[in-house]
There are 2 protein chains.
Amino acid sequence: MTSNALTRKLDRWEHLSDDDQVTLAAISGRIEPVARHKQLIEEGDDPRIVFLLIEGWAIRYKILPDGKRQIVAILLPGDLCDIHVFILDRMDHGIAMLTAGKIVRIPKDTMLAVVDQNPAIARALWWTTLVDEAVLREWLVNVGGRNAYARVAHLLCELYVRMGNVGLVTDGRMSLPLTQADLGQALGLTPVHVNRMLSQLRGKGLVTFRAFQLRILDLDGLIAAAGFDPGYLHGKRPERTIGSWSRPRRNSTAKLPESPA
Amino acid sequence: MTSNALTRKLDRWEHLSDDDQVTLAAISGRIEPVARHKQLIEEGDDPRIVFLLIEGWAIRYKILPDGKRQIVAILLPGDLCDIHVFILDRMDHGIAMLTAGKIVRIPKDTMLAVVDQNPAIARALWWTTLVDEAVLREWLVNVGGRNAYARVAHLLCELYVRMGNVGLVTDGRMSLPLTQADLGQALGLTPVHVNRMLSQLRGKGLVTFRAFQLRILDLDGLIAAAGFDPGYLHGKRPERTIGSWSRPRRNSTAKLPESPA
DNA sequence: GCATAGAATTGATCTGGATCAATCCTAAAT
DNA sequence: ATTTAGGATTGATCCAGATCAATTCTATGC
């Protein structure tokens, strides 16, 4: 099970041979539980380990000189926590769990050795970093160019698609373990204003969000409100469903999880 | 000369053997001139070519549904224009020249073959993408968390450091071929407001900017105004000076090009 | 059931940047 | 020298979001 999360993720981009899969299985060993709000890596650390997030949510963030925290990425189950290992001698950002969860640690040296000997794996990993970059670009566009309402809508769309890709959306509902303050830090908005935008979205019958459960009521409406481009995550093939979270997809041609009409 | 821009850039991150260098020299052949404002790749294209920017400036940008343009990266001489070739079957953003300049085209297949057979080169290229990502993160922080004044200052700091790294800063002066409207599109600000922030910076004796020439008068002051972290670009070793632009560095220990006191 | 603490919500007010609208510069073209 | 066009600058006003300040929920734990 454990290794498969990684294999499955990478195989989505680049076909991996059986050998490659065995290699990956070998490096991703024991799963460890991690506590809510646990710092996985701190800004300034010399990263020596790649984390594979098996369960739970995490964030990448940077602290501004005035102490404000800017969230620069949201990591979902199946995401690779830090390949930056390969260049950064000093992390330029921190990574912290948002919820309790489970991770697998992969030491830097293991990772480097594998990459050196398995071009297909290297390429697949590289691809994941390029996808991360595409998401980051879209976040920049979001914060730089959209108003608060569209901005919130856009983030919800993105998370909905990404959660759908890993099989964590059921009937238009998903867990969204961010407080409104957290959302604000990801969007460059005040918690108060996030709240107002959310209630506006609720008022228009697009979504519902309470008790950390997001429900999409009108996906098309939300997409329109956000100016969201469903193609932007560069999904090649939809990820196969994952272990215990899995749920058969009802419609293999749909790019987005269906929203309940 | 031509090949060396690439070699030099990559060698900065990962030591390349003579063989590797020969390989790189072989793939980066003829230099072509490109016109000002030439679109290198358009959003939606299936990218088939990597561009190496030899001379001139370019931008990565995305167009919002309402037609606004958000600049998501600024490319300087020596930058690799698009490795995204490797994943994206559809470009999620466009790339356009800002000035006239010179480029080298490298076909996707060539690139893929080289990468497959030269792990060191692959790793070096991967590194460049991770550095790009670090810059992107900082841009997000900039737009999401800083006020207009610090935001402008921060971009100027970044460009100053990057230009210094490729030997294009002389006595605290550099070319900056962006209009104030362009700066606004990179920063999520109005041209009018960019203008006001610039004159504020000028008023405090930090910089001067006219006729597309930026002059840093008080680097420490600018860094302080920006909340800039000089380490953020992850420079491992300073890039060696490049061809005709080069100028011996006066102080090998300085991280930043000196500003004239 | 009651207390507690972390969130969400709501209202009132303020302000950093946006907008709108003229000029003003400056370099290249005639 | 004069026109022209792309930028820069300046001033006046507006408004989306920030701030400040209470409440109100809601899930705990006792």
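This structure is a prediction, so every number in the text was calculated from the model and none was measured.
Counting any heavy atom pair closer than 4.0 Å across all strands shown, A:T179 reaches sugar-phosphate atoms only and no base atom. Using a 4.0 Å heavy-atom criterion, one finds that A:G188 contacts the sugar-phosphate atoms exclusively. Note on A:R202: only backbone sugar-phosphate atoms sit closer than 4.0 angstrom, heavy atoms only; bases stay farther off. Among the protein residues, B:L189 comes within range of the sugar-phosphate backbone only, with heavy atoms under 4.0 Å from sugar or phosphate atoms but none that close to a base.
As a whole-Å value, the separation of A:K68 NZ from D:dA18 P is 9 Å. For the pair A:M197 CE and C:dA8 C1', the computed distance is 15 Å after rounding to whole Å. Residue B:L183 contributes atom CG, which lies 12 Å from atom P of D:dG7 at whole-angstrom precision. For the pair A:L187 CG and D:dA18 P, the interatomic distance rounds to 10 Å; values are reported in whole Å. Counting to the nearest Å, the C1' atom of C:dA27 and the CD atom of B:Q213 are 15 Å from each other. Between the CD atom of B:Q200 and the C1' atom of D:dA8 there is a distance of 17 Å, rounded to whole Å. Note: CG (B:L198) to P (D:dT10) measures 12 Å, nearest angstrom. Distance CG (A:L98) to C1' (C:dA7): 14 Å, rounded to an integer number of Å.
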Check against side-chain contact (heavy atoms from CB on, under 4.5 Å), A:V104 and A:F51: CA-CA 6 Å; A:V104 171; A:F51 296 95; over 6 Å; no
Please walk me through it: do A:L219 and A:I223 pass side-chain contact (heavy atoms from CB on, under 4.5 Å)?
CA-CA 6 Å; A:L219 183 55; A:I223 287 174; 3.9 Å; yes
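Listed pair B:N195 / D:dA8 fails the phosphate criterion, with no side-chain N or O lying under 4.0 Å from OP1 or OP2. The side chain of A:N147 places no N or O atom within less than 4.0 Å of a non-bridging phosphate oxygen (OP1 or OP2) of D:dA16.
Salt bridge absent: A:E32 and A:K102 never bring a charged side-chain N and a carboxylate O closer than 4.0 Å.
You'll find that the side chain of A:V192 is closest to D:dT19, out of D:dG11, D:dT19, C:dA8. Counting only heavy atoms from C-beta on, B:H193 has its side chain closest to C:dG17 among D:dA18, C:dG17, C:dT9.
Each of A:Q70, A:E43, A:R60 was scored for a side chain to side chain donor-acceptor pair (under 3.5 Å) with A:H93, with one residue passing: A:R60.
Nearer to the 5' terminus of DNA chain C, by closest-nucleotide assignment, is the contact made by A:F209 (compared with the other of A:F209 and A:R196). If A:Y149 and B:H37 are placed on DNA chain D by their nearest nucleotide, the residue sitting closer to the 5' end is B:H37.
Scanning for side-chain hydrogen bond (donor to acceptor under 3.5 Å, both in side chains) contacts around A:R69 gives A:D182, A:Q185, with sequence neighbours left out.
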